[in-house]
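Contents: one structure, followed by commentary.
Since this is a predicted model, take the numbers as computed values, not measurements.
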Number of protein chains: 2
Amino acid sequence: MTTHKIEEIGEFGLIDLIKQDTIQNPGCVITGIGDDAAVVLPAPRQLQLLTTDMLVESVHFDLRTTTPWQLGYKAIAVNLSDIAAMGGTPRHVLVSLAINKQVSPDFVVNLYEGMKEICREFSVNIVGGDTVATPGGVVINVAAMGEVEPGNIVRRSGANPGEIVAVTGKLGNSGGGLDLLLAGDWEDHDFAWPLVTAHLTPRPQVKAGKLLGLAGASSLNDISDGLASEINEIAAASQVGIRLFAGQIPLSDELRAAAALFHKTPLDYALYGGEDYQLVFTMEKSKWRELQATDLGVAVTLIGEVTKPHTGVVLINETGEEQPLAARGYNHFR
Amino acid sequence: MTTHKIEEIGEFGLIDLIKQDTIQNPGCVITGIGDDAAVVLPAPRQLQLLTTDMLVESVHFDLRTTTPWQLGYKAIAVNLSDIAAMGGTPRHVLVSLAINKQVSPDFVVNLYEGMKEICREFSVNIVGGDTVATPGGVVINVAAMGEVEPGNIVRRSGANPGEIVAVTGKLGNSGGGLDLLLAGDWEDHDFAWPLVTAHLTPRPQVKAGKLLGLAGASSLNDISDGLASEINEIAAASQVGIRLFAGQIPLSDELRAAAALFHKTPLDYALYGGEDYQLVFTMEKSKWRELQATDLGVAVTLIGEVTKPHTGVVLINETGEEQPLAARGYNHFR
């Protein structure tokens, strides 16, 4: 790279730098980057899913603790997670980037390399975007489009009394990773890497979301704001009560080590830590038993049960005590 | 409104304030605001158009010269204009907003009122979004989805030698309006209002774009970065030369008055002013003659002709002199 600032190459120069390798699934794209709008071909008899997420420097990320590549990966990941949380398959993204004119074009190229890596992994096309100047910090907005068979869509509102509650993966790792990044000495701890990775480059549970839709999950959320917040959303939208068994919530050994370091409990990370991008879902018991034979690409763990309306969300600890679980979470206004 | 700051009501409180009247065209929406992703129903046998634009405070707008209502209107308008520039019909938008926690919720409500007004006008649904905190200025990102019949899509790249070049409306008004707003005393000038309005609340040429697609326009751009930039894009994408007749470029009397005030030429505003959101297109001469019988909802004016490749874009002044017209425009990196 011979230029040193974005303002020297301009928006069109930037587009030339990034438009390579943006189309991973050419069958459904007529026109990608380069006209007033992208033109895509929807699959017949599918519903479409539309979602968007904005990440703001010093609110959602810190360039001292993330590389541009990791940031690009995560900006796409959080949107694919929302598509997964509806039982859908992501197809296309639009990327908007506000960046200071003095930044090196390398920053943008590396950011896009991270985006292209996750797009390759999930066969998602980058079909357009907007790159603008800002006097402030970096802002990234991604809008994602996905598809879902009408019969496989899973909302927050379908949970029924008598069903099980389960989650994919381990919870709290991302929150533990964030605390390690903020402390600054994470490279000194041999348990840190999986936690830091969970925070910086979360892998959206696209395969699991789609298979849970096929398997008849009755409600589904991705865990972006902590389990406490997400489970309360399902309870409220479905108008049911939910009982969670604290001892069954899946926690990693690495998280236990990090929690000890920070004098916190691993359960608090799982309930309130946020940004795990695992899935929480409800399902009839018979379907849950059938699900055990399915390879979701990630472990699933039963953590609770759906009860009657007006019983609230309660957490039952290992000695059998119940306490209400409020939606207090990671994302109040963030 | 009894609360005074967004942080007091949180993101979910905000969603409750804005989610009324977001669906204007319910037939194509299954689920709007409120789940992980919106669910929409694509029209059969249509191609889909995807576009996005980001507006940054103090780069793209100044809260001293625009109201939140006007800003909301414009943030949607610029995206609908991109859909119009492909010959399409806008259907859905996703709105992301980064805003300081100390701002009043009224700001957001008024911004959304402006968005809802233009969405009502064009039957567009606000199906989702993201509202996040920022320590910096306001950032608004809109992603829009539209539809187009496969046969009616118009790209930048279809212009052919021998065709006419034409534009909708008058050009340069937005640039004149911007200079009036920056000067601060626009209310003293009786010619100012149409120019200021053209800048603050541009009306996207959705009907004209769709009818131009139906009428067989061979190339089409919306004029967001000034005519000089847009016509060079068409010439480059279509690999043709273009001759523009300076005396035929449509200019308003109000722009002439503003240009005199600022010691500029009205033609410079039209060529380089930007943000007019009119359309520039090319078309076979026979189709152009047929087009005169069509009500596009806006006047169209013939301003030039398409010539052979490698002849560049030239501007011919009223005494017959030719000069190359470079793409220097409003939007270098902005």
* Flag side-chain contact, heavy atom, 4.5 Å: B/L50 against A/V40 -> yes
* To do: Would you mind checking which part of A/E233 comes under 4.5 Å of any heavy atom in chain B, side chain (CB onward), backbone (N, CA, C, O), both or neither?
  => side chain
* Asked: Which answer fits A/V39, side chain, backbone, both or neither, if we ask what part of it has an atom under 4.5 Å from a heavy atom of chain B?
  -> both
* Asked: For A/V59 and B/A133, which heavy atoms make the closest approach, and how far apart are they?
  -> CG2-O, 3.4 Å
* State which residues pass salt bridge (charged side-chain N to carboxylate O under 4.0 Å, His left out) with A/R45; sequence neighbours excluded, sorted by chain then number. => none
* With A/D36 via salt bridge (charged side-chain N to carboxylate O under 4.0 Å, His left out) - residues at least two apart -> B/R156
* **Any side-chain heavy-atom pair of B/Q48 and A/H92 under 4.5 Å** => no
* Asked: So which bits of residues 136-152 of chain B come within less than 4.5 Å of chain A, counting non-hydrogen atoms only?
  -> B/V139, B/N141, B/A143, B/M145
* To do: Show the numbers, then the answer: is there a side chain to side chain contact (heavy atoms under 4.5 Å, CB included) between A/L47 and B/I30?
  => CA-CA 9 Å; A/L47 296 176; B/I30 315 281; 4.2 Å; yes
* Structure fact -> Sequence neighbours excluded, the answer for salt bridge (charged side-chain N to carboxylate O under 4.0 Å, His left out) partners of B/K210 is none
* Counting only heavy atoms closer than 4.5 Å, note whether A/I153 contacts chain B via side chain, backbone, both or neither. => side chain
* Side chain, backbone, both or neither: which part of A/T52 has an atom under 4.5 Å from a heavy atom of chain B? -> both
